[in-house]
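Reading through the structure tokens given below for one structure.
When a ligand or atom number is given, it counts from 1 through the structure's own listing order. Counting from 1, the numbers follow the sequence of the chain as shown.
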Amino acid sequence: MQIKSAEFIMSNSDVAKCPKDRFPEYAFIGRSNVGKSSLINMLMQRKNLAKTSGRPGKTQLINHFLVNKNWYLVDLPGYGYARVSKSAKKTFQKFITDYFNKREQMVLAFVLVDCRHEPQPIDLEFMQWMGENQVPFSIVFTKADKLKPNALLRNIEAYAQKMLETWEEMPSYFVTSASSSEGRDELLQYIDSVNQDLNAS
Ligand code: GTP
Ligand code: MG
């Protein structure tokens, strides 16, 4: 898929105030600092479309970016960021879960996990919640540039093994790097195919 345009539309903490049009949207979610905003920039080939930071907790709102004037990418705040206050953390969690529960336009979520780490309870719990709430998702292993190919394969294999303890099958997954653009074509092609299926139905 060619990216002809990508524009920031709005930021918000209230799912009821998100864009009212019916374009399909794809949400990026995962722990703080996993690389959600960087991945969006990489996909759009824009350096600063979504705000990134080396310090976790950068994205604090629901951010809508309109792509090719007919679908949205949604950048969400990270979960599991220990340094925000308990009440702020709860607010994040509530609007994240509200977003997924209420946003009818959300067709697919990408749950990002850092390819360097073994499966983290908070990510597994989040995916469990997504499953229980029937929210479709794919997994994205980020920061692939940080591992040698063999180590990367080993980690993904170990992740799949862990998932199979509770899931019937490993969800579809992608391997990406915001620095090398690895995975860009695959992910965009996947989004394109889902958009086409929606148009056909
Ligand atoms: P929050 O908004 O705080 O939840 O974080 P986020 O998930 O949006 O992460 P963000 O994109 O801001 O990236 C966090 C840090 O990881 C930044 O320093 C990025 O430069 C770095 N980073 C993100 N993706 C990659 C990647 O693929 N490779 C490398 N080497 N660094 C990355
Ligand atoms: Mg962010």
Judged by modelled atom types alone, do S180 and D145 share a side-chain donor-acceptor pair under 3.5 Å?
-> no
Is there at least one pair of N or O atoms, one from G78 and one from ligand 1, spaced under 3.5 Å apart?
-> yes
Checking only N/O/S atoms, does S38 have one that is under 2.8 Å from the Mg ion (ligand 2)?
-> no
Any nitrogen or oxygen of T176, main chain or side chain, under 3.5 Å from a nitrogen or oxygen of ligand 1?
-> no
protein heavy-atom neighbour closest to atom 30 (N) of ligand 1 works out as D145 OD2, 2.8 Å
Return yes when V34 approaches ligand 1 closer than 4.0 angstrom through a heavy atom, no otherwise.
-> yes
Protein heavy atom at shortest distance from atom 27 (O) of ligand 1 = A178 N, 2.6 Å
Heavy-atom nearest neighbour in the protein, as seen from atom 5 (O) of ligand 1, with distance rounded to 0.1 Å = N33 N, 2.9 Å
protein heavy-atom neighbour closest to atom 16 (O) of ligand 1 works out as K143 NZ, 3.0 Å
The protein heavy atom nearest to atom 13 (O) of ligand 1 is S38 OG, 3.4 Å
The protein heavy atom nearest to atom 4 (O) of ligand 1 is K36 NZ, 2.8 Å
Nearest neighbour in protein (non-hydrogen) for atom 18 (O) of ligand 1 | G54 CA, 3.3 Å
Only heavy atoms count here, so choose which of T59, N63, I29, T142 is nearest to atom 2 (O) of ligand 1.
-> T59
Among all protein non-hydrogen atoms, which one is nearest to atom 17 (C) of ligand 1, and what is the separation to 0.1 Å?
-> S53 O, 3.4 Å
Salt-bridged, E157 to R154, with N to O below 4.0 Å?
-> no
Answer side chain, backbone, both or neither: which part of P56 comes under 4.0 Å from ligand 1, heavy atoms only.
-> backbone
